[in-house]
Amino acid sequence: MTDAVAPRVRFAPSPTGYFHVGSARAALFNWFFVRRWGGTLVLRIEDTDEARNRPEWTEGIISALAWLGMAPDEGPHFQSAQDEAHRAAIEALWEAGALYACACIREEIDARVKTRAAAGDPTPGYDGHCRDLGLARGEGRALRFRTPDEGSVRVDDLVRGEVDFPLRALEDFICVRGDGKPLFALANAVDDRTMTISHVIRGEDLLPTTPRQVLLWGALNRAEGRDLALPAYAHLPLLVNEQGKKLSKRRDPVAVELYREQGYLPDAFRNYLALLGWSPGDEEILPVSTLVERFRLDDVQKSPAFFDVKKLSHFNGVYIRALSVSEFIDATRPWVDPAPDEWAPGGWRDPDTDEPVVSPVPWAPARYDAARFGEVAAVTQERVTVLSEVPALVDFLFQEEAPIDETSWQKAIAGDEAAPAILAAALAAYAECPWDKDALHSVTLEIAEAAGRKLGKAQAPIRVAVMGRTAGLPLFDSLAVLGRDETRRRIEAALARLPPAA
RNA sequence: GGCCCCAUCGUCUAGAGGCCUAGGACACCACCCUCUCAAGGUGGCGACACGGGUUCGAAUCCCGUUGGGGCUGCCA
């Protein structure tokens with residue numbers, strides 16, 4: 001911690017793809033840190049790589065942060081808008097002799113590395129070929145940083161402690177591209193300077209680049225005749241997949257948007273993310289205020305963490321059940337009754353199959369009845385782990401016919417010789433009995449006893465005939481809401497579908 | 001290959017020398033509850049990578065080995 005000065009931290013993603021859960025975790029720890037100690041979270045969009053940036057990715061970052069309740073205090077600032085500062089820094093560095101122009105191309109460098117290796121010199125990377133050639137700057141010539149050959153750079157990391165990087169293994173890295181555009185190492189350092197960033201909290205994958213930034217920072221101080229304090233660094237453990245490899249956009253489900261579509265609650269998602277590489281202590285599911293209160297960078301884990309969707313889902317179920325029924329109804333609306341002018345699932349497609357990840361609402365919008373949904377909301381709420389599971393549980397209420405699942409039909413009706421008799425008995429009994437949950441329960445219990453089986457077994461054919469599946473909402477609550485006429489009509493339809501008794 | 005990081009149940013972690021016959025959570029298994037499915041309850045399975053030190057005493061400190069990972073781009 002910088003003494004008595006409120007920290008300024010930045011979250012600095014590059015808009016080159018969907019918002020990654022690893023980025024979300026980095027953002028969260030930055031957010032925790034400033035909420036805990038007071039300070040400012042700056043959002044900086046690192047968009048210097050024009051070829052890979054797209055405006056919609058920036059939109060995605062901003063909306064995902066807002067969804068997770070961790071909107072920045074400042075920004076977004078765009079790195080591309082810092083052009084002037086970058087140019088000034090390049091000039092200063094050039095004047096100070098910290099940079100030199102390099103005319104080498106990749107193939108030449110690789111060839112020299114190969115030759116060197118064959119001669120028994122394992123030093124990798126650029127060999128300093130142009131370092132003392134005194135080449136002029138010019139189109140196509142990159143600018144390299146003159147790294148010292150001796151000694152080492154020490155990074156004092158808030159989570160990892162002191163890490164030493166020997167300079168002899170650090171090549172003269174490129175700061176400025178042949179077209180004059182600054183590269184990550186430079187732009188990042190310059191922006192941290194102009195934005196007076198006090199703490200850099202980011203993924204461990206950036207740890208190896210830190211010595212370059214430390215070197216650059218010192219060179220900039222000398223070139224500009226200033227003495228800006230280096231930010232404190234904190235490198236967070238990586239998020240990995242089942243194989244222990246860094247989460248990749250290509251093969252792992254890493255897009256935060258994907259989780260939102262499936263109906264993970266932002267609070268649950270955020271709570272789960274907090275536990276990846278950090279622990280609040282005895283309990284895991286805690287209000288965000290408690291998480292903030294307990295958060296300490298020193299307690300952050302050093303080893304990588306596996307992103308476990310099963311545990312996330314468990315958390316989500318707990319959060320869903322903790323909602324009041326009306327909160328649950330509100331939260332579920334985009335999945336059952338999407339409004340055209342509001343966020344709704346369905347925009348996300350599987351990159352491999354191009355299929356929507358969340359199926360469209362299975363009923364005609366006009367058939368949806370909010371009041372009816374309200375009546376089954378409480379029993380639905382207890383049964384889902386993600387909100388996108390809701391439609392399949394309540395579809396029988398809003399479909400014209402019972403949405404019969406074939407496997408269920410085979411198992412509970414076609415494959416059960418007592419099914420026709422039970423259905424017939426139910427059809428008769430349901431014509432007369434009072435239409436409420438308790439009456440339906442006792443009437444059906446009588447049918448079961450007459451058939452000589454337990455209620456659990458006897459209700460199955462009725463459930464499938466009316467609701468379509470062997471598993472689902474409690475039968476009698478469901479029938480009560482569906483209504484006598486529709487229930488009986490569906491039982492009749494099921495009976496009619498059965499082949500005539502032999 | 002070079003540089004760097006990491007190492008407690010399958011997974012996320014608690015543990016900052018004695019409180020540890022290592023605690024919790026997820027997952028898994030069994031039982032209970034029960035109109036299905038869930039939820040819930042109870043119980044169970046299950047780990048300090050290995051080898052050396054240091055110490056009266058080590059999961060905790062040091063060294064080594066092994067294993068895993070990251071970086072090594074005119075991407076970030």
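Note on naming: letters A, B, ... go to the chains in the order of the sequence lines (proteins, then strands), and numbering restarts at 1 for each one. Below, all heavy atoms of this structure are taken into account, side chains as well, without hydrogens, waters or symmetry copies.
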Give none if [N] has no partner; otherwise give the nucleotide forming a Watson-Crick or G-U wobble pair with it, both distances under 3.5 Å.
| N | answer |
| --- | --- |
| B/C75 | none |
| B/G64 | B/C50 |
| B/C26 | B/G10 |
| B/C3 | B/G70 |

Subject >> 5' precedence on RNA chain B between A/Pro237 and A/Val163 (nearest-nucleotide basis) >> reply: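 Per heavy-atom nearest nucleotide, the more 5' residue is A/Val163.
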
Original post:
Relative to the 5' end of RNA chain B, which residue comes earlier, A/Gly281 or A/Ala471, by the nucleotide with the nearest heavy atom?
Top reply: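 Taking each residue's closest nucleotide, the earlier one in sequence belongs to A/Gly281.
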
**OP:** Could you give me the CA-CA distance, side-chain angles and deciding distance for A/His86 and A/Thr48, then say whether side chain to side chain donor-acceptor pair (under 3.5 Å) is met?
**Re:** CA-CA 11 Å; A/His86 297 154; A/Thr48 51; over 6 Å; no

Quantified in whole Å, what is the [atom1] atom distance between nucleotide [N] and nucleotide [M]?
| N | M | atom1 | result |
| --- | --- | --- | --- |
| B/G2 | B/G44 | C1' | 49 Å |
| B/G67 | B/U55 | C1' | 29 Å |
| B/A59 | B/A76 | P | 47 Å |
| B/A22 | B/C32 | P | 30 Å |
| B/G15 | B/C20 | C1' | 9 Å |
| B/C12 | B/U54 | C1' | 32 Å |
| B/G18 | B/G1 | C1' | 46 Å |
| B/C45 | B/C29 | P | 16 Å |

What's [X] touching, base or sugar-phosphate or nothing? Going by heavy atoms closer than 4.0 Å.
| X | answer |
| --- | --- |
| A/Gly277 | sugar-phosphate |
| A/Leu445 | nothing |
| A/Gly244 | sugar-phosphate |
| A/Ser303 | sugar-phosphate |
| A/Asn188 | nothing |
| A/Phe306 | sugar-phosphate |
| A/Leu473 | base |
| A/Asn53 | nothing |
| A/Ala305 | sugar-phosphate |
| A/Phe165 | sugar-phosphate |
| A/Cys175 | nothing |
| A/Gly472 | base |
| A/Leu455 | sugar-phosphate |
| A/Pro13 | nothing |

**OP:** May I ask you to say whether A/Arg137 pairs ionically with A/Glu91, meaning some side-chain N is under 4.0 Å from a carboxylate O?
**Re:**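 A salt bridge links A/Arg137 with A/Glu91.
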
Original post:
Should A/Asp172 and A/Arg146 count as an ion pair when the cut-off is N to O under 4.0 Å?
Top reply: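 Salt bridge flag = no for A/Arg146 with A/Asp172.
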
Which nucleotide sits closest to the side chain of [X]: [options]?
| X | options | answer |
| --- | --- | --- |
| A/Glu46 | B/C5, B/U13, B/A76 | B/A76 |
| A/Arg160 | B/C3, B/A76, B/C5 | B/C5 |
| A/Ser279 | B/A14, B/C35, B/C5 | B/A14 |
| A/Pro208 | B/A76, B/G70, B/C12 | B/G70 |
| A/Lys245 | B/C35, B/C4, B/G70 | B/G70 |
| A/Asp205 | B/C37, B/A76, B/G70 | B/G70 |
| A/Gln301 | B/C5, B/U13, B/G69 | B/U13 |
| A/Leu275 | B/C35, B/C12, B/C75 | B/C12 |
| A/Arg463 | B/C35, B/G69, B/C3 | B/C35 |
| A/Ile174 | B/U36, B/C71, B/C74 | B/C74 |

Rounded to the nearest angstrom, tell me the gap between atom [atom1] in [X] and atom [atom2] in [N].
| X | N | atom1 | atom2 | answer |
| --- | --- | --- | --- | --- |
| A/Leu239 | B/U11 | CG | P | 15 Å |
| A/Asp477 | B/U34 | CG | P | 16 Å |
| A/Asp47 | B/C75 | CG | P | 14 Å |

Considering just the side-chain nitrogens and oxygens of [X], establish if one lies under 4.0 Å of OP1 or OP2 belonging to [N].
| X | N | value |
| --- | --- | --- |
| A/Arg321 | B/G40 | yes |
| A/Arg177 | B/C75 | yes |
| A/Gln79 | B/A76 | no |
| A/Thr48 | B/A76 | yes |
| A/Arg106 | B/C74 | yes |

Original post:
Is the closest side-chain donor-acceptor distance between A/Thr210 and A/Arg202 under 3.5 Å?
Top reply: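 Yes, a side-chain donor-acceptor pair sits under 3.5 Å.
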
Subject >> Any donor-acceptor N or O pair under 3.5 Å, side chains A/Tyr319, A/Asn271 >> reply: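 Yes, A/Asn271 and A/Tyr319 have a side-chain donor paired with an acceptor closer than 3.5 Å.
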
Polar pairs (N or O, both sides) under 3.5 Å between protein and nucleotides 26-30 of chain B?
| residue | atom | partner | partner atom | Å |
| --- | --- | --- | --- | --- |
| B/C26 | OP1 | A/His314 | NE2 | 3.1 |
| B/C26 | O2' | A/Lys311 | N | 3.4 |

Original post:
Should A/Arg10 and A/His77 count as side-chain neighbours, where that means a heavy-atom distance under 4.5 Å?
Top reply: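 Counting from C-beta outward, A/Arg10 and A/His77 never come under 4.5 Å.
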
Original post:
What is the distance from atom CG of A/Leu43 to atom CG of A/Leu65, rounded to the nearest 0.5 Å?
Top reply: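 CG of A/Leu65 is found 6.0 Å from CG of A/Leu43.
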
Hey, what's the ring geometry for [X] with [Y], parallel, tilted or perpendicular (30° and 60° as the breaks)?
| X | Y | answer |
| --- | --- | --- |
| A/Phe145 | A/Phe173 | parallel |
| A/Phe315 | A/Tyr272 | perpendicular |
| A/Phe32 | A/Trp278 | tilted |

Subject >> Listed partners of A/Phe396 passing ring-ring contact (aromatic ring centres under 6.0 Å, His included), at least two apart >> reply: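 Per chain and number, A/Phe396 pairs via ring-ring contact (aromatic ring centres under 6.0 Å, His included) with no residue.
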
**OP:** Evaluate the side chain to side chain donor-acceptor pair (under 3.5 Å) criterion for residues A/Thr385 and A/Glu389: first the C-alpha distance (whole Å), next the side-chain angles of each, then the deciding distance (0.1 Å), finally the verdict.
**Re:** CA-CA 7 Å; A/Thr385 50; A/Glu389 290 168 356; 3.1 Å; yes

Original post:
Below 3.5 Å, does any donor atom in the side chain of A/Arg383 face an acceptor in the base of B/C37, or the other way round?
Top reply: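 Counting by modelled atom types and ignoring angles, a donor-acceptor contact under 3.5 Å is found here.
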
